[in-house]
Amino acid sequence: METVYKIYCASYEHALLLVESYRKDPRLQEEILETLNATVPHTGASDLSFFLVMPVQRVTKYPLLLGKILENTPTSASAYPALQAAVRAMAQVNANINEYKRRREVATKYNKAEHLTLRDRFARLNTHSIAKKTTRLSRLFMHEAGIVPKTEDREYDDLEEKFQCVVSSVAVLKENLASYLGHLEAFLLPTPHKCELQINEGPAQQYRRFAEYLHCTVFPEFKQRLDRLVCQPLCSLSDMLVGPQQLVKKRLDKLLDYEEIQERKSEMGSVTYDEEAAMNTYLAINALLVAELPRFNQVALQLLGQIVCSLSTLQRDLAAQILHQAEKELEQMPHGRMPLPSFWKMVEDTLQQSGAQLRTFCQTFETVTPSPVTQQPLNPAEERKVLSLVSKHGPDKLYQVTSNISGSKDLDLTLQRGQIVALLQSVDTKGNTSRWLVDAGGPRGFVPAGKLQPYCPVQSQQPEMQMRALESSTERRRHSYASPEAPRPQVATFTPAFQVVAGFSFAARSPQEVSLQAGQPVVVLEPHDKKGSKEWSLVDVNGQRGYVPSSYLVTVPVQEPMGWSLPV
């Protein structure tokens, strides 16, 4: 009876707070009232607090009721001694309940972790708190120096040692688990299953499927179970330790106060009311810890053991699942059941055979490689398509197909060798850089990047290439009006022509500048000024040289004398 009522009476205030929180939810409050009216309509209760207070009132009435019965029982009756014992027992039960409730209230006051800023800590400082902390610090120094003896409590010291061992174990396990998760994330960074292999079957595809199974199925499931069975319980256990840790720390502070007051009491013979309350606080905290730490340590160790067992089980399941899948993939290989010596012999023979094939390939490489693509004159239709691609994407996006391409997948293009395309994106939808998205002058799709080469127009027909050659030549000479070095000649073929023109009119403001009219052709001599700034360019306009803003210049395709024009 005492054990049950202890817990109930100590938790009564918390229960009232819960009832108060229920009142803030109209739907929940309405459901509670309907339940009360349906089950106990004769009580007329309108709240749960009506029933919660009844056990608290009843346990205090037992001594009164038994005392009343004892008053009306003759002393010669056989039940009289039993009634006397019952009265004393219930009085002691009430005293124990009150003492337990007082200890719990003290514990509730001190076991809350406070997160105070530096300003809040300074705001709490006053003469009394400074004097109290100074006294505690000096007492602690005297303990360490051996000037005054420490108060020994062997039972409590053993319990605290076990408790601190649990705290340390939980902290170390959390650190190790965080490190393990970090290593797991690093292990999952490589994604071989996302690589596009131009191999239909074989060990490479089997490994790709195996990696995809691990990344997409095994490890996500393992991480979910690890979080549910290990991480969350471990964090909950760590939070459970905060309250007792605060109480253990506060017990040391109150012990130093208790020793100081005891010493003063032995000298003066009496203490003040506040000092007596401080001594009682220490006794209450110490008694509560001695009474409850054994059970707490036991439960914490059980939880910690279950968490470690769960982690071990998860690791074992992960290893078994991966091994099972690996064995399934291995059985599909021709050498899956081959003895180990035979397997190594097969590997050696395969390497030797591959080496011989590689040497043969190197010897015949020049004869089997396709001849380089030679740019043939374009017909008018192809010319218009190339100019259309240039106007849409720019000349630096043009590429030429080096060999015939036959589309084998969805969205793949089928192209002929020598065909001109424009690059739209150097990666496919899966992030694979070996498949490029191109515009073939109408249809758009993916082609292998290895079968494309940049399409370079003839130097004389592309001033933009002249500007790039000028930029590289300025590393050897600075700000000269001499003509730039001509780059290595290209194969003479037809390509679209370009020229640099003024995009906006510009009025010269100094002798070093030259005026421009919108649409007027210019020749770029140097794409920067004498200080190297690319905001100004040195140009030739009808024989006049001077600087103009670089942003005023644009490169546009021009019409060839053959008669075709830029599509609108």
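Atoms CD1 and CG, on I405 and L452 in that order, are 5.5 Å from each other to the nearest 0.5 Å. The distance from the CD atom of E34 to the CD atom of Q29 is 11.0 Å, given to the nearest 0.5 Å. S388 contributes atom OG, which lies 7.5 Å from atom NE2 of H393 (distance to the nearest 0.5 angstrom). Distance check: K328 NZ to R209 CZ gives 11.0 Å after rounding to the nearest 0.5 Å. For the atom pair CZ (F163) and OG (S168), the distance works out to 11.5 Å, reported to the nearest 0.5 Å. Rounding to the nearest 0.5 angstrom, the gap separating the CG atom in L413 from the CG atom in L437 is 8.5 Å.
Taking every heavy atom of both residues into account, V501 and P521 meet most closely at CG1-CA, 4.0 Å. Taking both residues in full, the closest heavy atoms of F506 and V514 are given as CD2-O, 3.3 Å, listed atom of the first, atom of the second, then distance. The nearest pair of heavy atoms linking V522 to V541 is CG1-CG2, 3.6 Å. The heavy-atom pair separating Y213 from Q321 by the smallest distance is OH-NE2, 3.5 Å. Counting all heavy atoms, side chain and backbone alike, S537 lies closest to S550 at OG-OG, 2.6 Å. Pairing each heavy atom of A502 with each of L516, the nearest pair is CB-CD1, 3.9 Å.
For E535, the CD atom counts as loosely surrounded, since its 6.0 Å shell holds 12 or fewer non-hydrogen atoms of other residues, nucleotides or ligands. Surrounding OH of Y207 are at most 12 heavy atoms belonging to other residues, nucleotides or ligands under 6.0 Å away. By the 6.0 Å contact criterion, CD on Q425 is enclosed, its count of non-hydrogen atoms from other residues, nucleotides or ligands being greater than 12.
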Exercise for the section: Would you please test R435 and D412 for side chain to side chain contact (heavy atoms under 4.5 Å, CB included) and show each step? Expected result: CA-CA 9 Å; R435 294 177 74 236; D412 282 358; 2.4 Å; yes

Q: Determine, step by step, whether L188 and H215 satisfy the side chain to side chain contact (heavy atoms under 4.5 Å, CB included) criterion, reporting the C-alpha distance in whole Å, the side-chain angles of both residues, the deciding distance to 0.1 Å, and the verdict.
A: CA-CA 7 Å; L188 294 177; H215 280 75; 4.1 Å; yes

Original post:
How far apart are the C-alpha atoms of E20 and R23, what are their side-chain angles, what is the distance that settles it, and do they pass the salt bridge (Lys or Arg N to Asp or Glu O under 4.0 Å) test?
Top reply: CA-CA 5 Å; E20 189 65 28; R23 292 173 181 165; 2.7 Å; yes

(Q) Between S505 and Q517, does the side chain to side chain contact (heavy atoms under 4.5 Å, CB included) criterion hold? Intermediate values first, please. (A) CA-CA 4 Å; S505 298; Q517 297 295 326; 3.8 Å; yes

Exercise for review: Might you work through the side chain to side chain contact (heavy atoms under 4.5 Å, CB included) test for W536 and K531, ending with a clear yes or no?
Suggested key: CA-CA 10 Å; W536 294 84; K531 296 182 179 180; over 6 Å; no

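Counting heavy atoms from C-beta on, the side chains of Q164 and V248 come closer than 4.5 Å. At least one side-chain heavy atom of F446 sits less than 4.5 Å from a side-chain heavy atom of T429. Residues P26 and E30 form no side-chain contact, since every pair of their non-hydrogen atoms from C-beta on lies 4.5 Å or further apart.
Although no hydrogens or angles enter the test, the distance criterion places no donor-acceptor pair under 3.5 Å between the side chain of E513 and the main chain of G546. Put simply, the side chain of D540 never gets that close to the backbone of R545: no donor and acceptor are under 3.5 Å apart. Checked by atom type and distance alone, the side chain of T402 pairs as donor or acceptor with a backbone atom of K451 at under 3.5 Å.
A ring-ring contact (aromatic ring centres under 6.0 Å, His included) check over residues 419-441, counting only residues at least two apart or in different chains, returns the pairs Y399-W436. Among residues at least two apart or in separate chains, there is no salt bridge (Lys or Arg N to Asp or Glu O under 4.0 Å) pair with a member in residues 231-248. Residue pairs satisfying the ring-ring contact (aromatic ring centres under 6.0 Å, His included) criterion with at least one member in residues 221-249, sequence neighbours excluded, are absent.
Residue Y547 forms a side-chain contact (heavy atoms from CB on, under 4.5 Å) with just one option from V539, L538, L525, and that option is L538.
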Please list every donor-acceptor pair under 3.5 Å in which a side-chain atom of residues 223-236 meets a protein atom from a residue at least two apart or in another chain.
| residue | atom | partner | partner atom | Å |
| --- | --- | --- | --- | --- |
| K223 | NZ | E185 | OE2 | 2.5 |
| D227 | OD2 | Q232 | NE2 | 2.9 |
| S236 | OG | Q232 | O | 3.0 |

Would you tabulate the side-chain donor-acceptor contacts of residues 345-357 under 3.5 Å, counting partners in other chains and residues two or more places apart, or write 'none'?
| residue | atom | partner | partner atom | Å |
| --- | --- | --- | --- | --- |
| K345 | NZ | D349 | OD1 | 3.1 |
| K345 | NZ | D349 | OD2 | 3.0 |
| T350 | OG1 | M346 | O | 2.7 |
| S354 | OG | T350 | O | 2.9 |

Side chains of residues 302-319: which donor-acceptor partners sit under 3.5 Å, not counting sequence neighbours?
| residue | atom | partner | partner atom | Å |
| --- | --- | --- | --- | --- |
| S310 | OG | Q306 | O | 2.9 |
| S312 | OG | V308 | O | 3.1 |
| T313 | OG1 | C309 | O | 2.8 |
| Q315 | OE1 | Y180 | OH | 3.1 |
| Q315 | NE2 | Y180 | OH | 3.4 |

